[in-house]
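This report concerns only the one structure given below.
First the proteins, then the strands, lettered A, B, ... as listed; each starts at 1.
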Amino acid sequence: METPKADELVIRPRRGFEPLNVAELWGFREVFFFLTWRDLKVRYKQTLLGIAWAALQPIIMVLIFSFVFSRIGMKSEHMPYPVFLLLGLIPWNYFASVLGQSTVSLVAGSGLITKIYFPRMLLPLSLSLSALIDLVIAFAVLVVLILWYQLPIGPGILLVPFLILLTVMNAAGFGLWFSALNARFRDIQYAVHFVILIWMFASPIFYSASMIGGSFRWLLVLNPMAGVIEAFRPAVIGHAPIPWPELGISATMGVIVLVTGLYYFRRVERFLADII
Amino acid sequence: MSIVSVKGLSKRYQIGEHAGYGSLRDEIVNAVTSPFRWFRQGENSRATSTCLWALDDVSFDVREGEVLGIIGGNGAGKSTLLKILSRITEPTRGEVRIRGRVASLLEVGTGFHPELTGRENVFLNGSLLGMRATEIRDRFDEIVSFSEIEEFIDTPVKRYSSGMYVRLAFAVAAHLEPEILIVDEVLAVGDVAFQKKCLGKMSDIACGGRTVLFVSHNMAAVRKLCSRGILLEGGKLTYNGPADTAVESYLDEGEFGEGNGPVHIRKDLSAAHQAGFAIESIALLSKNGEVPRDLKTGDSILLRIQYVAERRFMGAEFIVSCKSEWGEEIFRTTTSYGTGDSLDQVEGPGTLELEVNDLPLLGGNYYLDLALAREGISYHFVLERAIHLEFTPTDVYGSGQAESSRNGFLAVSHAWRHQR
């Protein structure tokens with residue numbers, strides 16, 4: 001076989017492991033931007049409250065959960081329970097929303113996939129970007145809450161962008177896995193609701209990791225969102241040291257999930273248009 | 001120097017209920033027992049007994065500036081070929097080399113989002129079709145004026161009529177400037193006037209030295225626009241040469257039964273059977289109920305179809321459409337115009353008869369398409385070219401010259417007057 005010349009496109013069956021085509025992704029950066037922009041534009045279309053929902057959702061969740069959990073005697077140290085909750089919900093809600101939307105992104109985008117070429121991973125990946133708008137707005141709610149309770153803010157706040165990056169990485173990685181799996185087995189789009197629900201309770205959102213006893217401890221170690229959430233609170237409020245080991249595990253898990261997710265996605269991408 | 005070169009291209013599809021899905025349990029078992037092999041193997045390498053070669057060892061070249069027509073019947077592999085050339089799906093074997101910037105139009109309005117405005121959709125769609133944001137900005141006014149919907153450009157497209165939607169979508173596509181353009185049957189959209197405009201734009205592109213790969217059922221368009229044609233039959237390339245000859249060999253394709261008479265009925269009616277509407281027999285008779293030995297302009301015909309409906313077809317209508325040799329529709333009629341006793345909710349055997357009096361068709365070849373439609377929205381099945389009619393040229397105007405479809409399709413009663 002001849003080697004392709006410059007600006008020559010060769011279409012042939014791909015074999016084996018296919019590395020990520022970074023140059024191609026860069027060439028499609030504008031498509032990525034437009035897909036993200038489309039998600040943002042239609043996110044709260046035809047709603048009365050519009051973008052206010054991005055703020056209302058975490059507020060309502062905090063109200064409901066603090067009512068329920070303070071009734072059963074759940075408490076938090078160093079900060080009021082609503083602040084504790086919101087600090088857990090900010091990374092979690094972003095993660096859950098990206099995961100839920102990514103799962104159906106390929107099936108929902110089948111009209112595009114069967115009619116035009118672009119790197120298919122842009123569909124789930126653009127969701128990890130557009131969902132950040134909700135995270136930013138929820139963060140604004142947090143700032144209001146912190147001012148209200150007159151809580152101190154520590155230097156750890158500088159770590160927040162890194163923690164958000166870690167959350168994005170995990171969300172994108174799991175999003176790639178789930179979207180590709182769902183393209184093959186539509187069971188995933190039904191199962192994902194329960195996965196998210198169980199995962200939420202398995203993450204230290206309503207409680208702190210220190211409250212979890214020995215035999216369940218391993219669950220938190222395996223859960224990459226646990227480390228992020230556990231680090232998010234001391235980073236913002238500065239009441240305790242950052243749990244570096246847990247954060248390290250989260251970061252490692254995040255990288256592993258993202259890399260394997262990219263590979264699995266590329267594998268499914270090859271016959272995606274035939275099965276979607 | 002060829003700008004597109006296709007070598008030994010083949011594509012296998014798996015057919016059957018679980019085609020392409022596999023079972024989740026098998027997948028998990030395979031992944032656990034031999035993870036490395038599982039990861040390496042794509043869908044393509046899985047051996048299955050039920051497979052279909054949609055494309056089988058197809059090779060051809062396209063030179064720069066050439067307009068290539070790709071023709072063939074239903075299921076001949078045209079759309080599979082386009083999908084591979086557009087990189088939507090991967091070939092099973094073979095390779096394609098393309099030298100230049102490609103735009104492929106398998107439909108108009110890909111990626112249009114109903115909630116977004118016309119303006120926003122132009123940007124989104126343009127970007128998906130391969131235009132840079134700056135190019136879209138530069139050509140935006142041109143696109144909008146081509147679409148003729150200036151006043152509604154800031155309205156969400158969900159409020160558009162289907163005509164407006166198609167106009168805007170085609171306008172974006174028409175302003176692409178690729179070196180190689182791959183087009184599917186996208187011209188079959190919109191009203192007649194707009195179709196004309198699209199065809200005009202297509203021939204501008206074709207004349208502008210751009211390379212075009214064009215798939216169509218409209219043989220007249222293929223003859224008009226294309227310099228060369230390839231014919232696909234059952235996934236194989238059976239002809240590659242001048243467009244006129246390709247069209248002729250497509251029209252001569254042996255899909256009709258034997259017989260010397262002027263009426264040929266297609267043998268393969270399986271599409272109707274598959275839809276649950278088994279056509280037992282088709283007969284096309286002359287007025288006196290006999291098999292015609294000859295068809296002439298002004299003859300009356302009786303079409304009789306015996307069927308067995310295996311289920312109820314709610315709101316169904318049966319359509320007969322008469323087309324010219326080149327695929328232009330000459331007339332169409334449906335049971336919903338007719339007796340009032342439509343096909344709605346029938347089940348079991350029945351006979352449909354259509355009587356057409358004094359057919360004014362000039363000598364030449366005509367085809368009847370038969371279809372069962374669902375309330376005029378979609379089709380249960382379409383039998384393209386189910387019946388082939390050969391009209392003998394006759395001297396209808398008493399001019400001493402036998403008139404054929406070279407000079408139009410219809411014989412009209414007329415008179416000239418000249419004053420001086």
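- B:Y13 contributes atom OH, which lies 13.0 Å from atom CZ of A:F271 (distance to the nearest 0.5 angstrom).
- No side-chain heavy atom of B:E90 sits less than 4.5 Å from a side-chain heavy atom of A:E269.
- The contact between A:I113 and chain B is made entirely by backbone atoms, counting heavy-atom distances below 4.5 Å.
- Other residues, nucleotides and ligands place no more than 12 heavy atoms under 6.0 Å from the CZ atom of B:R93.
- A pairwise comparison of heavy atoms in B:M131 and A:E30 identifies O-OE1, 4.0 Å as the closest pair.
- Rounded to the nearest 0.5 Å, atoms CD1 (A:I11) and CD1 (B:I84) are 8.5 Å apart.
- Counting heavy-atom neighbours within 6.0 Å of B:E64 CD, excluding the residue itself, gives a total of 12 or less.
- Residue-environment remark: CH2 (A:W53) stays at or below the threshold of 12 foreign heavy atoms within 6.0 Å.
- In this structure the side chain of B:V96 never reaches within 4.5 angstrom of the side chain of A:V10, judged on heavy atoms.
- With a 4.5 angstrom heavy-atom cutoff, B:R101 does not touch chain A via any of its atoms.
- The environment of CG in A:L49 is crowded: more than 12 heavy-atom neighbours from other residues, nucleotides or ligands sit within 6.0 Å.
- Of all heavy-atom pairs between A:F34 and B:L124, the closest is O-CD1, 3.7 Å.
- Salt-bridge check for A:K45 with B:E115: failed, with every basic side-chain N at 4.0 Å or more from each acidic carboxylate O.
- Residues B:I88 and A:A273 come closest through the heavy atom pair O-CB, 3.3 Å.
- Atom OG of B:S127 and atom CZ of A:R38 lie 11.0 Å apart (nearest 0.5 Å).
- Here the closest non-hydrogen pair linking B:L128 and A:I116 is O-CD1, 3.4 Å.
- Salt bridge absent: B:K83 and A:D274 never bring a charged side-chain N and a carboxylate O closer than 4.0 Å.
- Ion pairing between B:E95 and A:R14 fails under the 4.0 Å rule for side-chain N and carboxylate O.
- Nearest heavy atoms, B:P91 versus A:P13: O-CB, 3.4 Å.
- Closest of all the heavy-atom pairs between B:S86 and A:Y117 is O-CB, 3.2 Å.
- Of the listed residues B:S104, B:G94, B:G130, B:P156, the one with more heavy-atom pairs under 4.5 angstrom with chain A than any other is B:G94.
- For chain A, the nearby parts of B:L129 are the backbone and the side chain; heavy atoms of each come within less than 4.5 Å.
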